Asker: 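The structure that follows is given in the form of structure tokens.
Just so it is clear, the structure is predicted and the values come from calculations on it, not from any experiment.
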Amino acid sequence: MDHGTERDTSHGRPAGRGAPPPDPVTGRVPLAVVVVDRDGLVSHWSSGARRLFRLPRQEAVGRPAPDLLPVSGVLPGTADDDAAYDAYADYDGLGPGLESSLDGRLSYPAAGRARLTVPAARRVDVLWWAYPLVGPGPERLLVLAADAEGLRGDRADGGAGAASAERIAPGFALHTDFPGAEELARRLPEILPSMSVGESARIVAQVLELGYPVLEFSQSDRVPVTPDWGVPRRAERKARRERAARALAAGEPVPDDLRDEAEDAEDLEYAAVRERLEFLNEVSGRIGTSLDLARTIGEVSRAVVPRFTDVAGTYLREQVVAGEGFPDGVPDTTTMWHRVALEHTDEPGRWDDVVPVGEAMPFPAHTPFFQCMTSGEPVLVPRVTEEMGHAVASQFEKRDIRPLITGRSMLLVPLKARQVVLGFMILLRHPERPVFNDMDRVTGAELAARAGLVLDNARMYTYQENVAETLQDSMLPHIPDRMAGCDIATRYLPGTLLGRVGGDWFDAVKLPGARTALVVGDVMGHGLNSAAMMGQLRTAVQTMAGLDLPPAQLLRKLDDLAQRLGDTHLATCLYAVYDPVAGELHLANAGHIPPVLVRAADGGSELIDLPTGAPIGVGGVPFESVRVPVEPGDRLVMCTDGLVEMRGEDIGVGLATLCESAAHPAASMDDACDTVIRALGARGGRKDDVALLMTRLRGVEPDAVAEWRLALDPAEAGRARAAVREQLHDWGLGKQAAAAELLVGELVANALRHSRTRPVVLRLVRADTLLCEVDDDDHELPALKAAGPLDEAGRGLRVVSTLAREWGASRTRTGKTVWCELALPRR
């Protein structure tokens with residue numbers, strides 16, 4: 001070991017942080033490294049420790065440290081026959097010694113000299129440095145040790161070995177300006193292979209902060225210690241391994257130095273590979289915990305900072321971010337890339353303004369980014385030069401990115417899945433950190449491959465989720481909030497765990513006589529098949545409701561249809577017809593949960609007692625209907641079981657909560673729906689989708705309905721027009737009289753022409769609109785015709801279609817009803 005001649009006026013005390021750095025020759029000393037965890041057990045035992053203390057790693061790790069480093073009665077500050085120890089003890093003043101450090105009694109660094117007992121009754125004179133460690137890791141003490149005997153008389157060149165007649169004392173220098181400081185920081189992680197890069201870097205930082213190890217000769221000369229673990233260069237290691245192999249092949253004994261050095265080299269190579277595998281396994285465990293694309297992106301970015309890199313920027317194709325498909329082929333200069341994540345260890349906010357997350361941009365063909373995305377292979381830039389920094393910065397208008405990237409090591413890794421480039425990551429290391437090398441390139445490629453698969457799974461899930469959501473939205477009707485005699489509010493909530501598409505639906509269908517059909521159904525199961533079945537059943541209900549089938553008969557027909565569609569799906573359905581003129585509900589149930597009726601008179605709520613019925617699709621089961629009188633202001637609440645059912649809880653609890661929350665006063669129908677959703681959702685545990693249909697039954701006042709029976713005489717058409725004109729003036733709707741007369745005249749004339757035996761019935765209903773209905777006993781529905789110049793018929797419905805807000809026709813048990821609506825001024 002070499003040593004210098006630097007003088008220390010503090011009589012051997014460590015130089016302070018403010019002292020000018022000395023300029024000695026760096027001493028290289030073979031060091032043993034031992035790490036002790038918080039339980040006092042050895043967690044790391046280096047090759048140097050194996051050689052110094054004659055104990056293999058497998059026998060040392062996990063054992064109590066004091067058992068492996070027993071002090072043989074010679075400690076700093078104690079008497080001994082050896083004058084060197086006496087002199088050193090008087091000179092040291094650094095604390096109680098190694099034993100106290102091993103027992104965890106010291107919270108500050110200590111150094112000293114001790115004689116330890118090792119196997120085979122051998123005593124070893126060692127120099128030691130002990131560093132208490134703090135932080136999140138399990139390591140609590142780092143011990144460096146060197147063979148003091150090996151420093152005596154080994155060299156005759158004036159080096160460290162020439163100090164055989166002098167005292168050799170270990171100490172600290174509280175600054176890191178020695179020439180060997182960088183080497184210690186660089187090489188200490190190499191002998192900590194069982195730790196991550198981040199943990200070993202933390203330990204090195206603390207060692208340099210607490211004090212750099214030095215050896216002091218006499219009371220004046222100090223030599224900074226840098227590690228020399230005897231690990232030859234790669235070529236030399238290879239040559240030594242080959243020599244050892246030849247010796248074994250020839251049956252000759254392998255020299256100990258070759259054996260030890262070969263083992264050391266293999267240990268380091270194995271440790272490096274193991275470190276990479278541990279890192280990749282750790283990253284794989286931290287990413288892909290969710291199929292949410294945004295969360296997955298964040299996991300991938302955070303997994304590599306700061307352990308593998310200091311800055312990680314993630315870019316994805318525009319279509320990937322949107323959850324859409326994209327054309328096959330290699331990206332080009334028109335491909336837009338979204339910056340979706342940026343993690344770094346720089347000071348907060350340094351990157352935010354220059355490269356904000358969310359920005360989209362293309363990359364020119366001459367850039368390394370373009371090379372990465374088109375080749376699908378990693379691109380390594382050991383150092384970003386000034387020229388390259390300027391070229392990259394030119395892509396950012398009015399922003400200078402050069403200070404953020406120039407001088408740093410850069411690695412670009414593509415995010416691929418199934419040979420398709422979804423995006424790429426830009427990884428940067430600080431200038432003071434080792435540059436990316438070929439092993440990092442391989443590690444980055446493997447990391448990107450795993451991350452690419454996870455991102456692709458999230459992308460495909462997002463894409464399918466968007467498709468499912470679009471399908472679900474297209475199947476759910478857009479119900480107006482006001483229909484004849486009632487106000488309606490709806491809610492649909494997708495299942496939280498089972499996907500965004502299911503078989504729940506609701507609907508409201510306009511019926512003749514100012515009536516409204518209200519429907520809620522639930523196809524059992526989830527996924528696209530259930531949604532497709534739901535769409536077919538909903539369309540069938542709309543069609544049969546338009547035929548004005550009674551509720552029980554409609555469910556019977558729906559069950560027959562489900563049988564023809566196949567026996568793989570079952571569905572529940574609740575069908576209700578509200579007649580605002582008669583003031584009643586006509587309901588039938590097919591295995592659905594009962595509706596809630598909230599009475600306006602007293603604010604009370606109750607479940608309507610209905611025959612349960614069998615689900616749609618069972619087949620061969622009759623359905624029954626009931627009629628329930630209602631008053632204006634009453635509310636009807638219909639929902640699917642996903643709102644009231646919770647695993648492990650009786651459904652009666654959910655129904656009781658539904659009744660209670662539905663009766664809660666609310667300023668509007670939307671507020672009333674939200675109150676129900678909050679009350680039922682607060683219980684937690686919901687996994688099914690939910691459909692909720694709430695209707696305020698406003699009714700129609702008796703004096704808002706006028707009805708006439710017309711004889712089968714063509715002259716009755718004129719009487720009908722006069723009656724309508726008079727009635728509208730009585731209602732204060734004189735401005736609508738002319739249009740209403742014309743429409744009624746056309747409908748009545750057509751009914752009188754086709755009716756056979758029964759009188760024609762004309763009805764006017766004043767609600768949100770003016771409803772005109774004409775009933776006759778002819779079952780043939782009218783249709784628009786293209787009337788020619790000479791045709792005598794076909795123009796009446798054309799007039800109705802032009803003037804009316806809406807019109808339609810439906811069959812009844814006795815014939816048909818043709819109706820039309822005129823808009824009324826808002827009151």
Asker: Can you tell me how far NE2 of His344 sits from CG of Asp310, rounded to the nearest 0.5 angstrom?
Answerer: 11.0 Å
Asker: Does the separation of the ring centres of Tyr315 and Phe369 fall below 6.0 angstrom?
Answerer: no
Asker: May I ask you to test the Leu31-Trp129 pair for a side-chain heavy-atom distance under 4.5 Å?
Answerer: yes
Asker: About how many Å separate OG1 of Thr314 and CG of Leu415, when rounded to the nearest 0.5 Å?
Answerer: 6.5 Å
Asker: Which atom names give the shortest non-hydrogen contact between Ala145 and Leu52, and what distance separates them?
Answerer: CB-CD2, 4.1 Å
Asker: So, taking the atom named CG in Asp147 and the one named CZ in Arg51, what distance separates them when rounded to the nearest 0.5 Å?
Answerer: 11.5 Å
Asker: Sequence neighbours left out, what passes side-chain contact (heavy atoms from CB on, under 4.5 Å) with Arg140? Give chain and number order.
Answerer: Arg38
Asker: By the definition side chain to side chain contact (heavy atoms under 4.5 Å, CB included), identify the one residue from Val143, Leu141, Leu144 that meets it with Tyr131.
Answerer: Leu144
Asker: Restricting to non-hydrogen atoms, name the atom on Gly313 and the atom on Leu342 that form the minimum distance, rounded to 0.1 Å.
Answerer: CA-CD1, 3.8 Å
Asker: Ala65 and Val36: which non-hydrogen atoms are nearest, and at how many Å?
Answerer: CB-CG2, 3.8 Å
Asker: Which heavy atom in Thr334 sits nearest to a heavy atom in Asp332, and how many Å separate them?
Answerer: OG1-OD1, 2.5 Å
Asker: Does CD belonging to Gln58 count more than 12 external heavy atoms closer than 6.0 Å?
Answerer: yes
Asker: Could you tell me whether Glu432 atom CD has more than 12 heavy atoms of other residues or ligands within 6.0 Å of it?
Answerer: yes
Asker: For side-chain contact (heavy atoms from CB on, under 4.5 Å), just list the numbers for Leu380 and Asp438, CA-CA rounded to whole Å, side-chain angles, deciding distance to a tenth of an Å, and then say yes or no.
Answerer: CA-CA 8 Å; Leu380 174 61; Asp438 289 337; 4.3 Å; yes
Asker: Counting C-beta onward and ignoring hydrogens, is there a side-chain heavy-atom pair between Pro64 and Leu41 closer than 4.5 Å?
Answerer: yes
Asker: Hey, could you give me the OG1/CZ distance between Thr345 and Arg429, rounded to the nearest 0.5 Å?
Answerer: 11.5 Å
Asker: What class does the angle between the rings of Phe436 and Phe308 fall in, given that below 30° is parallel, 30 to 60° is tilted and above 60° is perpendicular?
Answerer: tilted
Asker: Quick check: closest heavy atoms across Thr309 and Leu428, and the distance to 0.1 Å?
Answerer: OG1-O, 2.7 Å
Asker: With sequence neighbours left out, write down each residue that passes side-chain contact (heavy atoms from CB on, under 4.5 Å) with Leu447, or none if nothing qualifies.
Answerer: Leu280, Val283, Val304
Asker: Nearest heavy-atom pair of Pro414 and Pro378: which atoms, and what distance?
Answerer: CD-N, 3.8 Å
Asker: Under the rule for salt bridge (charged side-chain N to carboxylate O under 4.0 Å, His left out), what residues qualify as partners of Asp37, not counting sequence neighbours?
Answerer: none
Asker: Would you compute the distance between atom CZ of Arg383 and atom OG1 of Thr406 and round it to the nearest 0.5 angstrom?
Answerer: 12.0 Å
Asker: State whether the side chain of Ser409 and the backbone N or O of Val435 hold a donor-acceptor pair below 3.5 Å, judged by distance alone.
Answerer: no
Asker: Assess whether a salt bridge exists between Asp346 and Arg408, defined as any Lys/Arg side-chain N lying under 4.0 Å from an Asp/Glu carboxylate O.
Answerer: yes
Asker: Measure the spacing between OG of Ser43 and CD of Glu139 and express it to the nearest 0.5 Å.
Answerer: 5.0 Å
Asker: Indicate yes or no for a side-chain donor-acceptor contact from Asp440 to the backbone of Thr443 under 3.5 Å, with no hydrogens or angles considered.
Answerer: no
Asker: Check side-chain contact (heavy atoms from CB on, under 4.5 Å) between Leu404 and all other residues, then give those that pass, not counting sequence neighbours.
Answerer: Arg350, Trp351, Val354, Ile401
Asker: Sequence neighbours left out, what passes side-chain contact (heavy atoms from CB on, under 4.5 Å) with Val61? Give chain and number order.
Answerer: Trp45, Arg57
Asker: Does some side-chain heavy atom of Arg63 sit less than 4.5 Å from a side-chain heavy atom of Val42?
Answerer: no
Asker: Working note: Trp337 + Arg317, criterion side-chain contact (heavy atoms from CB on, under 4.5 Å); need CA distance, chi angles, decisive distance, verdict.
Answerer: CA-CA 5 Å; Trp337 302 88; Arg317 279 191 178 190; 3.6 Å; yes
Asker: Going by the rule ring pair (Phe, Tyr, Trp, His ring centres under 6.0 Å), which residues pair with Phe370 if we only count those two or more places apart in sequence or in a different chain?
Answerer: none
